[in-house]
Amino acid sequence: ETGVTQTPRHLVMGMTNKKSLKCEQHLGHNAMYWYKQSAKKPLELMFVYNFKEQTENNSVPSRFSPECPNSSHLFLHLHTLQPEDSALYLCASSQDTLTSGGTGELFFGEGSRLTVL
Amino acid sequence: SQQGEEDPQALSIQEGENATMNCSYKTSINNLQWYRQNSGRGLVHLILIRSNEREKHSGRLRVTLDTSKKSSSLLITASRAADTASYFCATDAWYNFNKFYFGSGTKLNVKP
């Protein structure tokens with residue numbers, strides 16, 4: 001138990017569906033992240049939020065839409081996905097290194113395994 | 001791209017042997033971290049080394065950092081079957097705080 005909870009753990013969706021992934025952290029951190037992990041590829045940093053503000057969008061297609069309503073919750077809204085979007089989506093949190101003196105250690109959830117048919 | 005690259009991609013050793021994994025990166029960093037991932041699970045933080053440090057120890061783990069060569073190594077001594085996992089390095093650049101980039105990882109198999 002890392003203090004970062006992701007739901008659902010598994011999701012199967014068609015290309016026309018709309019679904020959301022949810023991440024919640026109970027660590028009091030002020031930075032949250034979405035990463036995508038595909039087979040045999042490096043983890044891809046998708047989005048970064050610091051103090052609820054998006055500070056990174058790593059050229060992610062608009063069919064992925066993040067939402068950070070507060071420092072403890074992060075969502076990834078999915079719509080009209082492609083089969084190549086099938087992957088393990090990992091959420092992480094950390095204490096901001098620049099303003100809060102955090103070490104930069106990332107705490108990951110267990111991931112949401114997404115399959116797009 | 002800032003992301004690190006681990007080497008080798010896969011490593012198979014006997015229990016009790018030492019395992020060494022390497023990481024190379026491209027830009028000047030703020031710090032470098034190593035993570036472990038069991039199959040299909042989330043990543044777990046192992047150790048962090050700052051850009052002004054050269055070596056760090058934590059239990060059976062030893063990490064070195066050579067900023068002149070933009071490389072780091074992770075040594076696991078006296079390996080155990082339970083160490084079987086994928087290992088990743090992550091860096092954040094000095095100008096890009098809180099944005100951590102990972103490599104493809106080294107898949108370690110420790111045979112009992």
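Side chains are part of it too, since the values below use all heavy atoms of this structure and drop only hydrogens, waters and symmetry mates. Here is how names work: the chains are called A, B, and so on, in the same order as the sequence lines, proteins then strands, and each is numbered from 1.
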By a 4.5 Å heavy-atom criterion (distance strictly below it), what part of A/Leu106 contacts chain B: side chain, backbone, both, or neither? both
Would you mind reporting whether A/Ser94 and A/Tyr33 have side-chain heavy atoms less than 4.5 Å apart? yes
If you tally heavy-atom pairs under 4.5 Å between each of B/Glu6, B/Gln9, B/Arg41 and chain A, the highest tally belongs to B/Arg41
Distance-only polar pair, side chains of A/His29 and A/Ser93, donor-acceptor under 3.5 Å: yes
Could you tell me which of A/Glu44, A/Lys41, A/Gln37, A/Arg9 has the largest number of non-hydrogen atom pairs under 4.5 Å with chain B? A/Gln37
Any chance CZ of B/Arg80 has more than 12 other-residue heavy atoms, nucleotides or ligands included, within less than 6.0 Å? no
Okay, B/Gln37 and chain A: the region with an atom under 4.5 Å from a heavy atom over there is side chain
Taking all non-hydrogen atoms of both residues into account, name the closest pair between B/Ala19 and B/Ile13 and its distance. CB-CD1, 3.6 Å
